[in-house]
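The structure appears below as structure tokens.
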Amino acid sequence: MLGWLLLFLAIVLLIGSLMVFFWDDIRSFSDKHFYKNKVYKVLKYYCDEEDQLLLNDVYLYLQGDSDELTHFDHIVLADKYVYVISDFYAYGGIYGNITDSSLFVRDYHDQSGKIDNPVLVNEAKVRKLEASLEVDPRDHMFVSVVVYNNSLQVPAGIGKKEQSSWFLPVKDLEKTLKQAEKDDVSPISHKKTEALLAMLKKRSDLIKQEVVTPKKKKSKQE
């Protein structure tokens, strides 16, 4: 009996040691596979609780586009702002200057790589959306939001939470939305947000049906 108990304890200790040793990899694996769903659940819960409108996986042709589609992960149409949200996942840590066109990612194995700055990429998409909808950027109706996985190491200097642009972890998303909706700005009428949602959804659904789905089917066949 004592022998079996010692064997059990040895196995538990071995498993525990392996989990500690590979913890960063385990956490990153979980983030990579469940991160997008986590962002969606946070937004769905927030919109249900606060009676706001949510669109997911939106495809649009915007002003100046000929045959290039613009994709939005999520659009939240709330009382004070319209939040254009991009999911961003990276493994390890991110560093650089948030105003530069490129940032750098270093993983837990000390390997580095350059990426397009996700904040500037999303801000550019927001500007195109504003232009297409003939919304004046000075009205600050739209907010660019890039949400990254909680396991990503981000220096304080790279984080961003200005009125019209955010770069923040998913754990801060809900509370930041609630805080922003307390801003002392003129609200957007429900009639306007509902009409905007209906228009965006109609365009996106049509593009998915005529362009996106056929492309995906063709890609699978190849």
**Request:** Would you check if the side chain of Glu181 reaches a backbone N or O of Asp79 as a donor-acceptor pair within less than 3.5 Å?
**Result:** yes
**Asked** Side-chain heavy atoms under 4.5 angstrom apart, residues restricted to Ile, Leu, Val, Met, Phe, Trp, Tyr: same cluster for Val121 and Ile98?
**Response** no
**Prompt:** Is any side-chain heavy atom of Val119 less than 4.5 Å from a side-chain heavy atom of Ser165?
**Reply:** yes
**Prompt:** Leu69 versus Tyr61: any side-chain heavy-atom pair under 4.5 Å?
**Reply:** yes
**Request:** Answer yes or no for Lys125 and Phe72: cation-pi contact, defined as NZ/CZ to six-membered ring centre under 6.0 Å and angle to ring axis within 45°.
**Result:** yes
**Message:** Salt bridge check, Arg127 against Glu123: does any charged N sit closer than 4.0 Å to a carboxylate O?
**Reply:** no
**Message:** Within this structure, what is the OH-OG1 distance for the pair Tyr46 and Thr176, rounded to the nearest 0.5 Å?
**Reply:** 10.5 Å
**Message:** Under a 3.5 Å distance rule, please check whether Asp73 uses its side chain to pair with a backbone N or O of Asp87 as donor and acceptor.
**Reply:** yes
**Item:** Flag if over 12 foreign heavy atoms under 6.0 Å of NE2, His190
**Value:** no
**Spacing of Phe88 atom CZ and Phe167 atom CZ [to the nearest 0.5 Å]** = 5.5 Å
**Asked** With a 4.5 Å limit on heavy-atom distance, are the side chains of His140 and Val185 in contact?
**Response** no
**Item:** Heavy atoms of other groups near Gln179 CD, more than 12 under 6.0 Å
**Value:** no
**Message:** Counting C-beta onward and ignoring hydrogens, is there a side-chain heavy-atom pair between Val145 and Tyr81 closer than 4.5 Å?
**Reply:** no
**CG-CG distance between Leu200 and Leu53, expressed to the nearest 0.5 angstrom** = 11.0 Å
**Request:** Supply the atom-to-atom distance Leu55 CG to Leu77 CG, rounded to the nearest 0.5 angstrom.
**Result:** 6.5 Å
**Complete:** Between the OG atom in Ser132 and the CZ atom in Arg203, the distance rounded to the nearest 0.5 Å is 7.5 Å
**Prompt:** Do the side chain of Asn149 and the main chain of Ala90 share a donor and acceptor less than 3.5 angstrom apart?
**Reply:** yes
**Prompt:** Are side-chain heavy atoms of Trp166 and Leu177 found at a separation under 4.5 Å?
**Reply:** yes
**Item:** Val154 reachable from Leu120 in the ILVMFWY side-chain graph, under 4.5 Å edges
**Value:** no
**Prompt:** Between atom NZ of Lys178 and atom CG of Leu173, what is the distance when rounded to the nearest 0.5 Å?
**Reply:** 11.0 Å
**Message:** Tell me if a side-chain donor or acceptor on Asn150 pairs with a main-chain N or O of Lys171 at a distance below 3.5 Å.
**Reply:** yes
**Asked** Just by distance, do the side chain of Ser102 and the backbone of Asp116 share a donor-acceptor pair under 3.5 Å?
**Response** no
**Request:** Please report the shortest heavy-atom distance between Ile207 and Tyr59, naming the atom on each side.
**Result:** CD1-O, 3.5 Å
**Item:** Salt bridge flag under 4.0 Å for residues Lys175 and Asp172
**Value:** yes
**Item:** Heavy-atom closest pair, residues Asp183 and Lys80
**Value:** O-NZ, 2.7 Å
**Asked** Does the ring center of Phe104 lie less than 6.0 Å from the ring center of Tyr95?
**Response** yes
